[in-house]
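Quick note on labels: first sequence line is chain A, next is B, and so on, each numbered from 1.
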Number of protein chains: 2
Amino acid sequence: MAATIRDVARASGVHVSTVSRTFSAPHLVNPETRNRVLAIAEDLGYRPNRAARALTTGRTHNLGLIVADISNPFFPPLIKAAQAHARLRDYHVFVADTDEDPQVEEELIQTLTKQVDGVLLCSPRLSNRAIEKLGEDVPFVVVNRRLKGMSTVLMDVGNGARLAIEHLMTLGHRRIALLAGPAGSWTSREMSDAARAMDGIELSILGPNSPTEHGGLAAADAVLAADVTAVLAYNDLMAIGLVEGLDERGVEVPGRISVVGVDDIVPGRLTRPKLTTVAMPTEAAGRTAVDLLLQLVGAGETATPALATLATHLIIRDSTGPVPP
Amino acid sequence: MAATIRDVARASGVHVSTVSRTFSAPHLVNPETRNRVLAIAEDLGYRPNRAARALTTGRTHNLGLIVADISNPFFPPLIKAAQAHARLRDYHVFVADTDEDPQVEEELIQTLTKQVDGVLLCSPRLSNRAIEKLGEDVPFVVVNRRLKGMSTVLMDVGNGARLAIEHLMTLGHRRIALLAGPAGSWTSREMSDAARAMDGIELSILGPNSPTEHGGLAAADAVLAADVTAVLAYNDLMAIGLVEGLDERGVEVPGRISVVGVDDIVPGRLTRPKLTTVAMPTEAAGRTAVDLLLQLVGAGETATPALATLATHLIIRDSTGPVPP
DNA sequence: ATGAAAGCGCTAACAA
DNA sequence: TTGTTAGCGCTTTCAT
């Protein structure tokens with residue numbers, strides 16, 4: 001069995017409360033005593049038990065991170081960044097995957113609640129109502145969904161869409177299709193709102209589509225039928241699938257149709273042609289979300305929700321080119 | 001504040017121990033009482049506090065999962081599978097990324113130890129000695145590294161290499177290069193051992209190399225210098241980089257050189273040519289590792305380490321073809 | 001600066 | 001079947 005605070009107390013001839021103070025309020029203990037205790041603790045390999053500590057302090061020093069699908073390449077950089085950022089602040093993080101299932105999401109949040117100081121909800125599938133309800137039990141930060149009264153991290157995909165379309169217009173494109181994402185996706189809605197607001201183009205909105213390679217592949221015919229010269233896809237996976245589908249039908253990218261994706265996932269720069277894309281600040285989102293969450297946690301009852309909107313930017317690669325004559 | 005066991009006890013007019021039993025040993029309590037307690041608990045939104053429970057039972061129902069790099073596409077499927085499998089067994093999982101730093105790895109394990117029943121170590125960078133030492137405090141399962149006396153999950157990459165080379169030989173290739181991984185990688189060593197043991201080929205071992213796209217790109221010249229007609233790369237990322245490097249030099253894949261990767265990551269089937277690869281059973285590894293770990297946890301002191309070796313298989317796609325005339 | 005004592009939420013003998 | 005009691009490892013008043 002690992003050493004407890006009592007072992008250390010006994011070995012150093014002081015009371016447990018002194019050992020406790022040595023770790024949680026060092027300035028309250030005589031330097032001499034402190035050093036002795038520290039040395040003995042080191043010797044015994046003592047580490048404070050965080051769970052036990054949490055019982056009295058109410059702070060677990062754990063965070064929950066809930067995502068829809070870990071294996072979607074969009075998430076790992078976010079998870080990595082959030083986790084690294086949390087570690088610097090002495091927090092551990094539970095990662096849970098809901099498999100896109102709202103039921104699982106809810107269950108997970110409930111069982112996690114007691115063990116964490118706060119939860120990071122990424123692209124939640126739960127209803128607003130449900131989220132607000134759960135928010136009474138534990139501080140939340142929501143990523144990629146707008147929720148009144150809750151701390152939120154948004155990526156400015158609306159502006160990203162704008163940049164992408166401007167880029168296409170510069171290349172001479174006027175007939176442009178937007179390959180929408182899943183129904184009810186906040187991101188997808190943002191994109192179409194932004195696109196619709198732009199002057200000088202003829203916009204076809206195609207969808208909803210599954211946000212996967214297959215979704216893009218399946219949309220190839222619809223894209224051809226729409227008679228456009230350029231496409232902005234909901235995400236890179238779909239864009240890649242679309243390029244594949246067009247290729248199968250003998251349509252060259254960007255020769256005959258230009259394609260832009262969103263996310264800037266790794267595969268996007270590995271495929272050929274390399275994908276032009278709207279880069280999402282996933283790492284920054286992870287860090288920011290942790291910051292906001294820890295802010296909430298620190299504030300306690302007086303917590304006031306914050307909104308962070310992170311900039312996106314366009315990465316021009318090889319899947320976009322001048323409009324064909 | 002969320003409801004505690006005491007609130008439920010008070011509201012249902014029974015003692016806390018009865019409430020406790022209702023949840024942890026339902027058969028010991030009168031059905032009538034049980035239902036009443038359950039109803040009231042439900043009403044109050046009571047959920048047992050796992051951390052508090054852990055204090056007395058010694059079981060946290062948490063697992064630690066430590067990986068070298070979450071954003072390496074190899075890991076997410078493993079994490080996802082492990083996490084899902086753990087959830088079914090009512091376990092939560094802490095995920096931590098060491099950023100390939102042994103120091104961080106050790107620190108992480110130490111701080112996590114008290115909060116988990118066991119730790120999953122994936123492709124550890126720590127020395128064997130250090131791991132064995134830490135293993136005294138908490139049950140471990142090691143993935144992708146052979147460690148005597150510890151439960152281990154291995155993927156049979158040796159056989160995978162064999163399959164890949166046989167495939168190449170069938171296509172007529174005789175001069176084959178092995179693009180090695182990082183120095184000291186168990187996987188890399190397995191591959192070269194297997195390759196060396198094969199008859200009828202002229203093998204060049206090139207490396208060590210960084211296990212990244214860039215590592216493959218940088219190895220393109222060495223491959224050309226080796227005058228081979230086929231290459232087996234340490235992983236898909238390197239294979240993809242190599243294809244890119246060869247392409248830049250005007251060398252066609254598979255026209256002039258065939259390339260095989262290892263891992264079967266998503267980008268591999270998105271690039272062109274689609275990558276022939278040795279598929280690693282990452283999901284199965286995640287599940288198996290959790291099983292072995294839970295087995296250890298359940299066994300307590302009498303625990304006996306197990307070794308699971310998971311089969312790999314070859315996926316033939318477009319980056320391999322007949323040897324050029 | 002340190003010790004004594006109570007208590008966090010829960011479980012686990014032991015009685016009754 | 002249920003209640004009583006002690007205690008898990010730690011923090012936190014309150015004394016001293």
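A sub-4.0 Å separation between OP1 or OP2 of D:dT11 and a side-chain N or O of A:S20 is present. OP1 or OP2 of D:dT11 sits under 4.0 Å from a side-chain N or O of A:S24.
A:F94 CZ to B:L63 CG: the interatomic distance, rounded to the nearest 0.5 Å, is 10.0 Å. Separating the CG atom in A:L44 from the CG atom in A:D7 is a distance of 6.0 Å, to the nearest 0.5 Å. The distance from atom CG of B:D99 to atom CZ of B:R125, rounded to the nearest 0.5 Å, is 11.0 Å. The structure places OG1 of B:T4 at 9.0 Å from NZ of A:K114, a figure rounded to the nearest 0.5 Å.
Here the P atom of nucleotide D:dG9 and the NZ atom of B:K114 are 10 Å apart, to the nearest Å. For the pair B:R34 CZ and D:dT2 P, the interatomic distance rounds to 10 Å; values are reported in whole Å. Protein atom CG of A:L28 is 15 Å distant from nucleotide atom P of D:dC14, rounded to whole Å. Taking atom CZ of A:R59 as the reference point, atom P of C:dG9 lies 14 Å away to the nearest angstrom. In this structure, B:N35 atom CG and D:dT1 atom C1' are separated by 15 Å, rounded to whole Å. Separating the CZ atom of A:R6 from the C1' atom of D:dG7 is a distance of 8 Å, rounded to the nearest angstrom. Atom C1' of nucleotide C:dG9 and atom CG of B:D7 are separated by 10 Å, given to the nearest angstrom. A straight line from CD of A:Q115 to P of C:dC10 spans 12 Å, rounded to a whole angstrom.
The residues A:R50 and A:D90 are annotated as salt-bridged, a charged nitrogen and a carboxylate oxygen being separated by less than 4.0 angstrom.
Computed from C1' positions of five pairs at each end, the angle between the two local axes of the helix from C:dA1-D:dT16 to C:dA16-D:dT1 equals 40°, rounded to 10 degrees.
Considering only the side chain of B:H15, D:dG3 comes nearest among C:dG9, D:dG3, C:dT2. The side chain of A:T33 has C:dA1 as its nearest neighbour among D:dG3, C:dC8, C:dA1. In the set C:dC8, C:dT2, C:dC10, the nucleotide with an atom closest to the side chain of B:I5 is C:dC10. In the set D:dC8, D:dG3, D:dG9, the nucleotide with an atom closest to the side chain of A:A52 is D:dG9.
If A:R53 and B:S17 are placed on DNA chain D by their nearest nucleotide, the residue sitting closer to the 5' end is B:S17.
Within 4.0 Å of A:T18, counting heavy atoms only, lie sugar-phosphate atoms of the nucleic acid but no base atom. Among the heavy atoms of the strands, none lies under 4.0 Å from A:V19. If you check every strand for non-hydrogen atoms under 4.0 Å, A:T57 touches sugar and phosphate atoms only.
Scanning residues 37-49 of chain A for heavy-atom distances under 4.0 Å to DNA chain C yields an empty list.
You'll find a donor-acceptor pair under 3.5 Å spanning the side chain of A:R21 and the base of C:dG3, going by distance alone.
The 12-atom threshold is exceeded at CD of B:E100, counting heavy atoms of other residues, nucleotides or ligands nearer than 6.0 Å. The environment of CZ in A:R146 is sparse: at most 12 heavy-atom neighbours from other residues, nucleotides or ligands sit within 6.0 Å.
Looking only at side-chain heavy atoms (C-beta outward), A:F75 and A:S123 come within less than 4.5 Å of each other.
Under the side chain to side chain donor-acceptor pair (under 3.5 Å) rule, B:T111 has a single partner from A:R87, A:H61, A:H92, A:R47, which is A:H92.
The shortest heavy-atom contact between A:T152 and A:L147 is OG1-O, 3.9 Å.
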